[in-house]
Amino acid sequence: MTTLQLQGAPVLVVGAGIMGAGIAQVAAQAGHAVQLFDTREGAAEQAKAKLATTLDGLVAKGKLAPEAAAATLARITPVAALEQAREAALVVEAIVENLEVKRGLLRQLEGVVGERCVLATNTSSISVTALANGLQHPQRLVGMHFFNPVPLMKLVEVVSGLHTDAAVAEAIFELSKAWGKVPVHAKSTPGFIVNRIARPYYAETLALLLEQAAPPQVLDACLKAAGFRMGPCELMDLIGHDTNFAVTNSVYQANFYDKRFVPSLVQRDMVEGGLLGRKSGRGFYRYPEGVPALPVAVHEAPATARTVTVHGSGPVADWLEAASTQALAPQGWGPARAAGSDWTGLEIDGARLALTDGRCAAELSAAWGVAEVAVFDRPVQFPDVAIAPGTALAYAVAPQASAAWQAQAPAWLAALGLAPLPVADAPGLVVARTVAMLINEGADAVLQGVCSPEGADAAMKLGVNYPAGPFEWLQRWSAAGVVAVLQALDAHYRGERYRVSPWLRRQVVAGG
Ligand code: NAI
């Protein structure tokens with residue numbers, strides 16, 4: 001195959017469930033004649049009837065012209081047998097997630113459709129290479145991974161297996177664009193892009209919960225303050241712990257039980273106990289109430305200081321300078337600046353309030369020979385570097401510190417305009433550790449040719465609504481800074497989870 005054009009071609013969608021119905025709708029709205037087939041009797045007709053109701057609703061709201069709705073619906077034809085779809089130029093299968101059943105369907109399809117017909121699979125976890133094995137024309141099989149709900153979610157992962165013809169992947173890429181989607185090329189590897197890079201978002205919070213570092217609502221608040229639309233706990237509750245645990249397990253197994261992806265005991269317990277999240281009325285939170293409000297903490301003004309110095313350089317140091325200048329203004333003086341320091345933070349009469357570099361407060365305290373040490377989390381806000389007043393931020397105080405400093409550290413953070421949230425003295429606190437791990441996973445995906453950095457960024461923003469992609473975060477941070485956090489985590493936990501991606505190490509060598 002050299003050039004392949006699928007725009008306007010007849011499409012067969014197999015499987016009229018949640019995804020198949022959505023795919024049929026999107027294809028029909030883009031002007032394709034769509035046949036819809038499901039082995040469950042009446043399922044295709046039901047899906048069409050449901051779509052009619054949805055389209056009527058859009059017409060009633062003035063979001064769709066009545067003619068367009070009617071035309072879309074008229075383009076969808078439920079069919080009772082695959083043999084009726086001989087003319088299809090593209091088949092998208094969205095049937096049950098089972099290798100053998102999908103293989104059986106694909107083989108059957110090869111006996112029906114023409115030789116040039118492209119076969120696309122919406123599988124979310126099965127290897128496209130494995131699905132193609134045994135086909136007469138394995139080069140025509142490609143992954144076309146939509147996200148739920150299909151009409152609303154922009155991302156399509158165009159997944160190539162070992163056999164997939166580049167022209168076929170390209171044709172699906174172009175077709176996805178014509179369907180109003182944003183396609184991203186991916187190599188068929190466990191989890192493809194999104195389901196792989198997203199793992200640490202859940203895993204780091206679950207790891208913190210396992211060691212009782214903070215309650216779920218505190219971890220959620222920290223990550224939401226960093227720009228995530230939902231905290232990991234409320235998101236897992238929404239997805240369903242059974243589903244989320246199954247995806248984690250599948251990525252773990254498919255990677256030969258690489259400890260990097262090891263599932264969490266916390267989540268397994270919840271699944272076994274039937275605490276599945278919203279759908280069962282209880283997960284991390286109870287429903288319908290949802291996430292409880294955090295208790296409002298009142299911080300007294302910090303004690304009057306004699307000397308305040310801002311250490312370090314970069315956006316966080318700049319922000320600290322501006323915020324501490326403002327905080328000290330009523331006393332008629334401002335902070336000194338020590339831009340050349342090897343740490344970032346505030347030094348207040350010898351006590352140190354440091355931006356986390358991955359090491360625990362206890363460790364920094366020992367390394368510096370200073371008892372009064374506290375660490376605060378990385379304020380990651382995107383696209384604005386500006387840290388909004390009242391931003392929730394995790395902090396931890398060294399156990400060596402005096403009771404006075406235990407109270408003064410959060411008082412200073414509050415005086416800088418933040419809403420400080422205490423967490424256990426865990427390496428990399430909450431946001432720094434999570435974002436570093438998302439970057440690390442993205443880096444490994446790029447290293448292994450799964451996707452490009454731009455592809456990873458687009459996929460995470462469009463597939464799971466992240467405020468930024470891993471490589472955009474990296475640009476705002478530094479490879480050396482990310483590696484430092486990962487190494488601190490690795491040194492602390494001594495496991496495979498936190499091993500640094502060679503891609504990141506190379507960035508550091510290259511001066512990134
Ligand atoms: P679903 O259970 O809602 O629908 C599957 C449909 O396929 C059912 O109507 C079933 O009767 C039909 N079916 C089963 N075997 C068949 C066969 N041999 N021939 C024809 N029809 C058959 O499942 P859903 O959620 O729509 O998922 C479908 C596929 O899409 C799976 O591969 C899944 O992993 C993938 N996917 C699902 C997402 C989701 O959020 N639900 C997101 C992205 C991909």
Side-chain angles (χ1 to χ4, degrees), residues 11-27 34-51 76 78-85 88 91-113 119-128 130-131 141-159 161 172 176 181 183-184 186 188 190-196 198 235-236 238-251 254 277-279 459 462-465:
V11 174
L12 166 68
V13 176
V14 187
I18 304 174
M19 298 304 286
I23 296 165
Q25 177 186 341
V26 169
V34 180
Q35 292 177 307
L36 185 57
F37 174 75
D38 198 295
T39 40
R40 190 161 44 88
E41 220 180 296
E45 285 80 4
Q46 277 165 23
K48 185 172 175 180
K50 205 169 155 209
L51 175 60
I76 300 178
V79 292
L82 284 180
E83 287 65 30
Q84 287 173 256
V91 181
V92 187
E93 75 76 16
I95 66 165
V96 60
E97 187 74 348
N98 176 298
L99 174 68
E100 284 316 317
V101 180
K102 280 191 195 288
R103 262 189 185 156
L105 169 71
L106 293 168
R107 281 181 200 149
Q108 198 187 342
L109 280 166
E110 282 204 311
V112 174
V113 297
L119 303 180
T121 171
N122 184 46
T123 181
S124 41
S125 63
I126 301 173
S127 154
V128 174
L131 282 172
L141 183 74
V142 62
M144 191 178 193
H145 186 213
F146 289 88
F147 288 73
N148 188 13
V150 178
L152 298 183
M153 297 299 282
K154 289 275 178 207
L155 181 67
V156 174
E157 291 179 338
V158 178
V159 187
I172 291 297
S176 303
K181 301 296 178 195
V184 171
S188 183
F192 308 141
I193 307 173
V194 171
N195 276 339
R196 173 203 185 132
L235 184 54
M236 284 184 268
L238 177 72
I239 295 168
H241 288 277
D242 48 348
T243 306
N244 190 261
F245 187 62
V247 176
T248 304
N249 259 310
S250 122
V251 172
R278 270 174 201 257
K279 62 184 171 191
L462 297 170
V464 271
N465 292 322

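In this text, all values refer to a predicted model and were calculated from it rather than measured experimentally. All values below were derived from every heavy atom in this structure, side-chain atoms included, with hydrogens, water molecules and symmetry-related copies excluded. Start at 1 and go down the list; that is how both ligands and their atoms are numbered.
Atom 30 (O) of ligand 1 has as its closest protein heavy atom Asn122 ND2, 3.0 Å. Nearest to atom 1 (P) of ligand 1 among the protein's heavy atoms is Gly17 CA, 4.0 Å. In this structure, the protein non-hydrogen atom closest to atom 31 (C) of ligand 1 is Ile95 O, 3.2 Å. The protein non-hydrogen atom at the shortest distance from atom 33 (C) of ligand 1 is Glu97 OE1, 3.6 Å. For atom 23 (O) of ligand 1, the closest heavy atom belonging to the protein is Ile18 N, 4.7 Å. Summary of contacts: the protein heavy atom closest to atom 43 (C) of ligand 1 is Phe146 O, 3.2 Å. The shortest contact between atom 39 (C) of ligand 1 and any protein heavy atom is with Met19 SD, 3.7 Å.
Rounding to the nearest 0.5 angstrom, the gap separating the CD atom in Glu93 from the CE atom in Met144 is 12.5 Å. Separating the CD atom in Glu157 from the OG atom in Ser188 is a distance of 10.5 Å, to the nearest 0.5 Å. Between atom NZ of residue Lys102 and atom CG of residue Leu109 there is a gap of 11.5 Å, rounded to the nearest 0.5 Å. Atoms CG and CG, from Asn244 and Asn195 in turn, are 9.0 Å apart once rounded to the nearest 0.5 Å. Atom CD1 of Ile95 sits about 4.5 Å away from atom CG of Leu105, to the nearest 0.5 Å. One distance of note links OG of Ser124 with CZ of Phe146; it measures 13.0 Å at 0.5 Å rounding.
The ligand atoms of ligand 1 that sit less than 4.0 angstrom from a heavy atom of His145 are 43 (C), 44 (C).
Taking the charged nitrogens against the carboxylate oxygens, Glu45 and Lys48 have no contact shorter than 4.0 Å, which rules out a salt bridge.
Residue Asp38 holds the heavy atom nearest to atom 10 (C) of ligand 1 of all those in Val92, Val96, Asp38, Ile239. The heavy atom nearest to atom 16 (C) of ligand 1, out of those in Thr39, Ile23, Val247, Ile126, is found in Thr39.
Under 4.0 Å from ligand 1, the heavy atoms of Val14 that appear belong solely to its side chain. Under 4.0 Å from ligand 1, not a single heavy atom of Phe147 appears.
The N/O atoms of Ala43, backbone and side chain alike, include none that comes under 3.5 Å of an N/O atom in ligand 1. Residue-to-ligand polar distances place Ser124 within reach of ligand 1: an N/O pair is separated by less than 3.5 Å. For Leu105, no nitrogen or oxygen atom sits less than 3.5 Å from a nitrogen or oxygen atom of ligand 1, counting backbone and side chain alike. The N/O atoms of Lys102, backbone and side chain alike, include one that comes under 3.5 Å of an N/O atom in ligand 1.
Using a 4.0 angstrom heavy-atom cutoff, Ala94 counts as in contact with ligand 1. Distances shorter than 4.0 angstrom do not occur between any heavy atom of Glu93 and any atom of ligand 1.
Residue Ala24 comes nearest to Leu36 through the heavy atom pair CB-CD1, 4.2 Å, listed as atom of the first residue, atom of the second, then distance. Heavy atoms only, all atoms of each residue included: Lys181 and Val150 are closest at NZ-O, 2.6 Å.
Note that atom 3 (O) of ligand 1 has protein non-hydrogen atoms nearby, at separations under 4.0 angstrom.
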